[in-house]
Amino acid sequence: MSLLEESPVLREMLATGEIVGATGERIKVRSQISLVFAEALYRTVLQFQPRVVLEVGMAYGVSTLAILAALQKLGSDGRLVSIDPHQTIYWHSGGLLNVSRAGLQSRHQWIGESDFLALPRLLAEGFQPGLAYIDGWHTFDYTLLDLYYIDKMLGVGGVVGLNDCGFPAVHKAINFFLSHRRYEEITVGLPTVYSRKREIFRRLAGDFSARGRRLCQDRYFKKLEVWEPTHDFFADF
Ligand SMILES: C[S@@+](CC[C@H](N)C(=O)[O-])C[C@H]1O[C@@H](n2cnc3c(N)ncnc32)[C@H](O)[C@@H]1O
(Lines give C-alpha, C1' and ligand atoms only; values in the text may rest on other atoms or scores of the structure.)
Protein backbone atom coordinates (compact mmCIF):
# COMPACT_ATOMS: atom_id res chain seq x y z
CA MET A 1 0.00 0.00 0.00
CA SER A 2 1.12 3.55 -0.70
CA LEU A 3 1.73 6.09 2.05
CA LEU A 4 -1.57 7.87 1.43
CA GLU A 5 -3.50 4.59 1.49
CA GLU A 6 -1.69 3.70 4.70
CA SER A 7 -2.38 7.05 6.38
CA PRO A 8 -5.91 8.48 5.99
CA VAL A 9 -5.01 11.33 8.37
CA LEU A 10 -2.16 12.42 6.13
CA ARG A 11 -4.33 11.98 3.03
CA GLU A 12 -6.99 14.28 4.41
CA MET A 13 -4.49 16.86 5.61
CA LEU A 14 -2.83 17.07 2.19
CA ALA A 15 -6.15 17.02 0.30
CA THR A 16 -7.69 19.87 2.30
CA GLY A 17 -4.49 21.74 3.20
CA GLU A 18 -5.92 22.07 6.70
CA ILE A 19 -6.16 20.33 10.03
CA VAL A 20 -8.74 20.65 12.75
CA GLY A 21 -7.26 22.10 15.93
CA ALA A 22 -7.92 20.98 19.49
CA THR A 23 -10.96 23.27 19.84
CA GLY A 24 -12.40 22.56 16.39
CA GLU A 25 -10.77 25.50 14.59
CA ARG A 26 -9.46 24.95 11.06
CA ILE A 27 -5.73 25.55 10.72
CA LYS A 28 -3.95 25.98 7.41
CA VAL A 29 -1.10 23.51 7.08
CA ARG A 30 2.29 24.97 6.16
CA SER A 31 6.02 24.34 6.24
CA GLN A 32 5.49 20.64 5.62
CA ILE A 33 7.66 18.45 3.44
CA SER A 34 6.19 17.72 0.01
CA LEU A 35 4.31 14.52 -0.70
CA VAL A 36 7.14 13.12 -2.84
CA PHE A 37 9.58 13.64 0.02
CA ALA A 38 7.13 12.11 2.50
CA GLU A 39 6.78 9.09 0.23
CA ALA A 40 10.57 8.78 -0.08
CA LEU A 41 10.87 8.95 3.71
CA TYR A 42 8.17 6.29 4.07
CA ARG A 43 9.94 4.02 1.55
CA THR A 44 13.31 4.54 3.23
CA VAL A 45 11.97 3.54 6.65
CA LEU A 46 10.38 0.45 5.06
CA GLN A 47 13.66 -0.40 3.32
CA PHE A 48 16.02 0.03 6.29
CA GLN A 49 13.57 -1.17 8.97
CA PRO A 50 14.98 0.83 11.88
CA ARG A 51 13.61 -0.05 15.30
CA VAL A 52 14.08 3.53 16.45
CA VAL A 53 13.75 6.68 14.34
CA LEU A 54 14.66 10.24 15.31
CA GLU A 55 13.16 13.34 13.75
CA VAL A 56 14.16 16.98 14.24
CA GLY A 57 11.28 19.31 13.34
CA MET A 58 7.69 18.14 13.45
CA ALA A 59 5.35 21.11 12.68
CA TYR A 60 1.95 19.66 11.64
CA GLY A 61 3.46 16.22 11.33
CA VAL A 62 3.72 15.28 7.65
CA SER A 63 7.15 13.70 8.08
CA THR A 64 6.05 12.34 11.45
CA LEU A 65 3.05 10.54 9.95
CA ALA A 66 5.15 9.20 7.04
CA ILE A 67 7.67 7.67 9.46
CA LEU A 68 5.00 6.32 11.81
CA ALA A 69 2.97 4.83 8.94
CA ALA A 70 6.06 2.92 7.81
CA LEU A 71 6.83 1.72 11.35
CA GLN A 72 3.24 0.60 11.71
CA LYS A 73 3.39 -1.25 8.41
CA LEU A 74 6.62 -2.97 9.46
CA GLY A 75 4.60 -4.27 12.35
CA SER A 76 7.33 -4.75 14.96
CA ASP A 77 7.84 -2.48 17.97
CA GLY A 78 9.37 0.41 15.99
CA ARG A 79 9.10 3.86 17.52
CA LEU A 80 9.75 7.48 16.64
CA VAL A 81 11.16 10.28 18.78
CA SER A 82 10.39 13.80 17.47
CA ILE A 83 12.20 16.89 18.75
CA ASP A 84 10.35 20.18 18.37
CA PRO A 85 10.39 23.05 20.88
CA HIS A 86 7.51 24.97 19.27
CA GLN A 87 4.94 22.19 18.84
CA THR A 88 2.35 23.32 21.38
CA ILE A 89 2.34 27.09 20.84
CA TYR A 90 3.47 27.82 17.32
CA TRP A 91 2.02 24.69 15.70
CA HIS A 92 -1.08 24.46 17.93
CA SER A 93 -0.06 20.89 18.85
CA GLY A 94 -1.18 19.99 15.31
CA GLY A 95 1.49 17.34 14.81
CA LEU A 96 0.62 15.66 18.11
CA LEU A 97 -3.11 15.81 17.34
CA ASN A 98 -2.45 14.13 14.00
CA VAL A 99 -0.42 11.35 15.60
CA SER A 100 -3.23 10.83 18.07
CA ARG A 101 -5.92 10.84 15.32
CA ALA A 102 -3.89 8.24 13.43
CA GLY A 103 -3.88 6.10 16.59
CA LEU A 104 -0.09 5.96 16.65
CA GLN A 105 0.73 7.56 20.02
CA SER A 106 2.06 4.30 21.42
CA ARG A 107 4.89 4.43 18.87
CA HIS A 108 5.64 8.10 19.36
CA GLN A 109 7.51 10.27 21.83
CA TRP A 110 7.68 14.04 21.52
CA ILE A 111 10.47 16.05 23.13
CA GLY A 112 9.46 19.70 23.45
CA GLU A 113 12.95 21.10 23.59
CA SER A 114 15.41 22.58 21.13
CA ASP A 115 17.75 20.16 19.39
CA PHE A 116 20.78 21.65 21.14
CA LEU A 117 19.34 20.61 24.51
CA ALA A 118 17.63 17.35 23.55
CA LEU A 119 20.33 15.76 21.38
CA PRO A 120 23.20 15.81 23.90
CA ARG A 121 20.88 14.39 26.53
CA LEU A 122 19.65 11.61 24.24
CA LEU A 123 23.27 10.79 23.39
CA ALA A 124 24.20 10.64 27.08
CA GLU A 125 21.24 8.29 27.66
CA GLY A 126 22.58 5.90 25.01
CA PHE A 127 19.80 6.61 22.50
CA GLN A 128 20.55 4.77 19.23
CA PRO A 129 18.27 5.48 16.27
CA GLY A 130 18.72 3.45 13.10
CA LEU A 131 17.44 6.31 10.98
CA ALA A 132 17.18 10.07 11.53
CA TYR A 133 15.45 12.81 9.56
CA ILE A 134 16.50 16.45 9.91
CA ASP A 135 13.95 19.18 9.16
CA GLY A 136 14.44 21.69 11.94
CA TRP A 137 16.11 25.11 11.95
CA HIS A 138 17.94 25.36 8.66
CA THR A 139 20.91 27.56 9.45
CA PHE A 140 24.40 26.09 9.04
CA ASP A 141 25.11 25.83 12.77
CA TYR A 142 21.84 24.09 13.70
CA THR A 143 22.03 21.68 10.76
CA LEU A 144 25.62 20.84 11.58
CA LEU A 145 24.74 20.40 15.24
CA ASP A 146 22.01 17.93 14.26
CA LEU A 147 24.39 16.03 11.98
CA TYR A 148 27.13 16.05 14.62
CA TYR A 149 24.99 14.45 17.32
CA ILE A 150 23.15 12.11 14.98
CA ASP A 151 26.48 10.79 13.71
CA LYS A 152 27.44 9.96 17.29
CA MET A 153 24.17 8.07 17.80
CA LEU A 154 23.95 6.14 14.53
CA GLY A 155 25.57 2.74 14.20
CA VAL A 156 27.36 1.65 11.03
CA GLY A 157 24.65 1.14 8.37
CA GLY A 158 22.45 3.78 10.01
CA VAL A 159 20.85 6.40 7.77
CA VAL A 160 20.35 10.15 8.05
CA GLY A 161 18.10 12.14 5.71
CA LEU A 162 17.70 15.89 5.33
CA ASN A 163 15.01 18.17 3.95
CA ASP A 164 15.61 21.57 2.30
CA CYS A 165 19.01 20.54 0.96
CA GLY A 166 18.81 23.38 -1.57
CA PHE A 167 19.21 25.93 1.25
CA PRO A 168 22.80 27.22 1.06
CA ALA A 169 23.35 26.55 4.77
CA VAL A 170 22.05 22.97 4.58
CA HIS A 171 24.13 22.35 1.46
CA LYS A 172 27.26 23.60 3.25
CA ALA A 173 26.54 21.53 6.36
CA ILE A 174 26.19 18.41 4.19
CA ASN A 175 29.48 19.21 2.45
CA PHE A 176 31.18 19.53 5.84
CA PHE A 177 29.63 16.27 6.99
CA LEU A 178 30.72 14.36 3.89
CA SER A 179 34.27 15.69 4.07
CA HIS A 180 34.70 15.11 7.83
CA ARG A 181 32.82 11.85 8.39
CA ARG A 182 32.47 8.59 6.44
CA TYR A 183 29.06 8.35 4.79
CA GLU A 184 27.80 7.44 1.35
CA GLU A 185 24.82 9.04 -0.34
CA ILE A 186 22.05 6.58 -1.05
CA THR A 187 19.35 6.66 -3.69
CA VAL A 188 15.80 6.73 -2.38
CA GLY A 189 13.99 7.06 -5.71
CA LEU A 190 13.99 10.85 -5.92
CA PRO A 191 15.00 12.60 -9.13
CA THR A 192 18.07 14.82 -8.93
CA VAL A 193 17.01 18.45 -8.84
CA TYR A 194 19.33 21.41 -8.72
CA SER A 195 19.15 25.12 -9.33
CA ARG A 196 19.88 25.63 -13.02
CA LYS A 197 20.30 29.39 -12.64
CA ARG A 198 22.85 28.92 -9.87
CA GLU A 199 24.62 26.28 -11.98
CA ILE A 200 25.08 28.76 -14.83
CA PHE A 201 26.52 31.47 -12.54
CA ARG A 202 28.71 28.96 -10.75
CA ARG A 203 30.22 27.63 -13.95
CA LEU A 204 30.69 31.13 -15.34
CA ALA A 205 32.65 31.86 -12.16
CA GLY A 206 34.87 28.86 -12.94
CA ASP A 207 33.53 26.52 -10.24
CA PHE A 208 33.07 23.04 -11.75
CA SER A 209 33.42 21.14 -8.47
CA ALA A 210 30.92 18.43 -7.54
CA ARG A 211 30.56 19.90 -4.06
CA GLY A 212 29.45 23.25 -5.49
CA ARG A 213 26.49 21.69 -7.26
CA ARG A 214 23.61 22.42 -4.94
CA LEU A 215 21.09 19.59 -5.00
CA CYS A 216 17.58 20.49 -3.90
CA GLN A 217 15.87 17.13 -3.38
CA ASP A 218 15.82 15.38 0.00
CA ARG A 219 19.15 13.61 0.46
CA TYR A 220 19.97 10.49 2.47
CA PHE A 221 23.33 9.22 3.71
CA LYS A 222 24.35 5.84 5.09
CA LYS A 223 27.07 5.57 7.74
CA LEU A 224 30.03 3.56 6.48
CA GLU A 225 32.19 3.51 9.57
CA VAL A 226 32.72 5.07 12.98
CA TRP A 227 35.34 7.64 12.09
CA GLU A 228 36.40 11.12 13.07
CA PRO A 229 39.40 12.99 11.68
CA THR A 230 42.50 13.70 13.75
CA HIS A 231 42.55 16.92 15.79
CA ASP A 232 44.47 18.89 13.15
CA PHE A 233 42.45 17.72 10.14
CA PHE A 234 40.70 20.14 7.86
CA ALA A 235 39.19 19.58 4.44
CA ASP A 236 37.69 22.46 2.55
CA PHE A 237 33.96 22.17 2.07
C1 LIG B 1 9.93 22.91 8.25
S2 LIG B 1 9.18 22.64 9.80
C3 LIG B 1 9.08 20.87 9.91
C4 LIG B 1 8.05 20.27 8.99
C5 LIG B 1 7.75 18.82 9.26
N6 LIG B 1 8.95 18.01 9.13
C7 LIG B 1 6.67 18.32 8.31
O8 LIG B 1 6.97 17.50 7.42
O9 LIG B 1 5.52 18.74 8.48
C10 LIG B 1 10.53 22.98 10.88
C11 LIG B 1 10.29 22.58 12.32
O12 LIG B 1 11.50 22.74 13.05
C13 LIG B 1 11.15 23.14 14.35
N14 LIG B 1 12.33 23.76 14.99
C15 LIG B 1 12.73 25.04 14.95
N16 LIG B 1 13.85 25.21 15.68
C17 LIG B 1 14.16 24.00 16.19
C18 LIG B 1 15.19 23.53 17.04
N19 LIG B 1 16.14 24.35 17.50
N20 LIG B 1 15.20 22.22 17.38
C21 LIG B 1 14.25 21.38 16.90
N22 LIG B 1 13.24 21.78 16.09
C23 LIG B 1 13.20 23.06 15.74
C24 LIG B 1 9.99 24.09 14.13
O25 LIG B 1 9.22 24.26 15.29
C26 LIG B 1 9.25 23.38 13.02
O27 LIG B 1 8.28 22.52 13.55
Side-chain angles (χ1 to χ4, degrees), residues 3 33-34 36-57 63 66-67 70-71 74 78 80-81 83 115 119 122-123 127-136 138 140-195 198-199 202 207-237:
L3 169 60
I33 61 169
S34 68
V36 280
F37 294 162
E39 286 172 332
L41 179 55
Y42 172 75
R43 281 196 305 274
T44 308
V45 174
L46 288 179
Q47 181 186 345
F48 285 90
Q49 306 189 5
R51 283 197 52 240
V52 181
V53 180
L54 173 70
E55 150 180 80
V56 180
S63 50
I67 295 165
L71 293 175
L74 287 169
L80 166 67
V81 173
I83 298 171
D115 47 3
L119 289 170
L122 285 169
L123 176 67
F127 181 74
Q128 290 185 319
L131 188 147
Y133 187 69
I134 300 174
D135 187 21
H138 293 311
F140 176 78
D141 47 352
Y142 279 74
T143 309
L144 186 59
L145 174 122
D146 294 341
L147 286 167
Y148 179 87
Y149 278 101
I150 285 166
D151 169 62
K152 291 199 173 300
M153 295 172 182
L154 287 179
V156 172
V159 169
V160 56
L162 298 97
N163 184 243
D164 290 318
C165 297
F167 283 31
V170 177
H171 174 77
K172 273 279 183 197
I174 290 172
N175 279 356
F176 176 89
F177 189 61
L178 292 179
S179 53
H180 291 74
R181 296 292 185 272
R182 297 260 162 86
Y183 282 74
E184 72 173 0
E185 186 151 12
I186 55 171
T187 309
V188 297
L190 290 169
T192 302
V193 180
Y194 57 92
S195 160
R198 178 186 146 82
E199 246 341 75
R202 184 172 82 84
D207 178 3
F208 295 91
S209 66
R211 69 164 189 248
R213 191 172 186 236
R214 199 190 300 154
L215 301 171
C216 300
Q217 77 278 7
D218 269 13
R219 299 175 69 187
Y220 287 80
F221 304 92
K222 186 163 87 172
K223 184 165 179 168
L224 297 177
E225 61 178 301
V226 178
W227 183 83
E228 283 194 17
T230 53
H231 75 100
D232 54 352
F233 177 87
F234 178 75
D236 205 2
F237 59 95

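Using a distance-only test at 3.5 Å, with no hydrogens or angles considered, a donor-acceptor pair links the side chain of R202 to the main chain of S209. Within the 3.5 Å criterion, the main-chain N or O of D135 finds no donor-acceptor partner in the side chain of N163. No donor-acceptor distance shorter than 3.5 angstrom exists from the side chain of H138 to the backbone of C165, with no hydrogens or angles considered. At distances below 3.5 Å, at least one donor-acceptor pair connects side-chain atoms of R43 with backbone N or O atoms of V188.
In this structure, CD1 in I150 is found 3.5 Å from CD1 in I134, a value given to the nearest 0.5 Å. Considering CG of D164 and CZ of F37, their distance stands at 8.0 Å, rounded to 0.5 Å. The NE2 atom of H171 lies 7.5 Å from the CG atom of L215; values are rounded to the nearest 0.5 Å. Rounded to the nearest 0.5 Å, atoms CD (E184) and OH (Y220) are 15.5 Å apart. Between atom CZ of residue R213 and atom CZ of residue R211 there is a gap of 15.5 Å, rounded to the nearest 0.5 Å. Rounding to the nearest 0.5 Å places CZ of F167 at 10.5 Å from CZ of R214.
In terms of heavy-atom proximity, P129 sits nearest to L154 at O-CD2, 3.4 Å. Contact between F221 and I174 at its shortest, heavy atoms only, is CZ-CG2, 3.5 Å. Contact record, L190 with Q217: CB-CG, 4.3 Å, taken as the closest heavy-atom pair. Between E39 and L3, the shortest heavy-atom distance links the atoms N-CD2, 3.9 Å. A pairwise comparison of heavy atoms in F237 and S179 identifies CB-OG, 3.7 Å as the closest pair. Closest of all the heavy-atom pairs between C216 and Y194 is SG-CA, 3.9 Å.
By the 4.5 Å heavy-atom criterion applied to side chains, R182 and K223 are not counted as neighbours. Between I83 and L122, some side-chain heavy-atom pair lies under the 4.5 Å cut-off. Residues Y133 and V53 have side chains not in contact (no heavy-atom distance under 4.5 Å, counting atoms from C-beta outward). Under the 4.5 Å side-chain criterion, counting only non-hydrogen atoms from C-beta, F177 is in contact with V160. Here the side chains of L41 and D218 are not in contact, with every heavy-atom distance at 4.5 Å or above. The shortest distance between side-chain heavy atoms of L119 and L54 falls below 4.5 Å. Residues Y183 and D151 have side chains in contact (heavy-atom distance under 4.5 Å, counting atoms from C-beta outward).
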Stepwise side chain to side chain contact (heavy atoms under 4.5 Å, CB included) test for V56 and Y149: CA-CA 12 Å; V56 180; Y149 278 101; over 6 Å; no
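In the displayed structure, Y148 atom OH is contacted under 6.0 Å by at most 12 heavy atoms of other residues, nucleotides or ligands.
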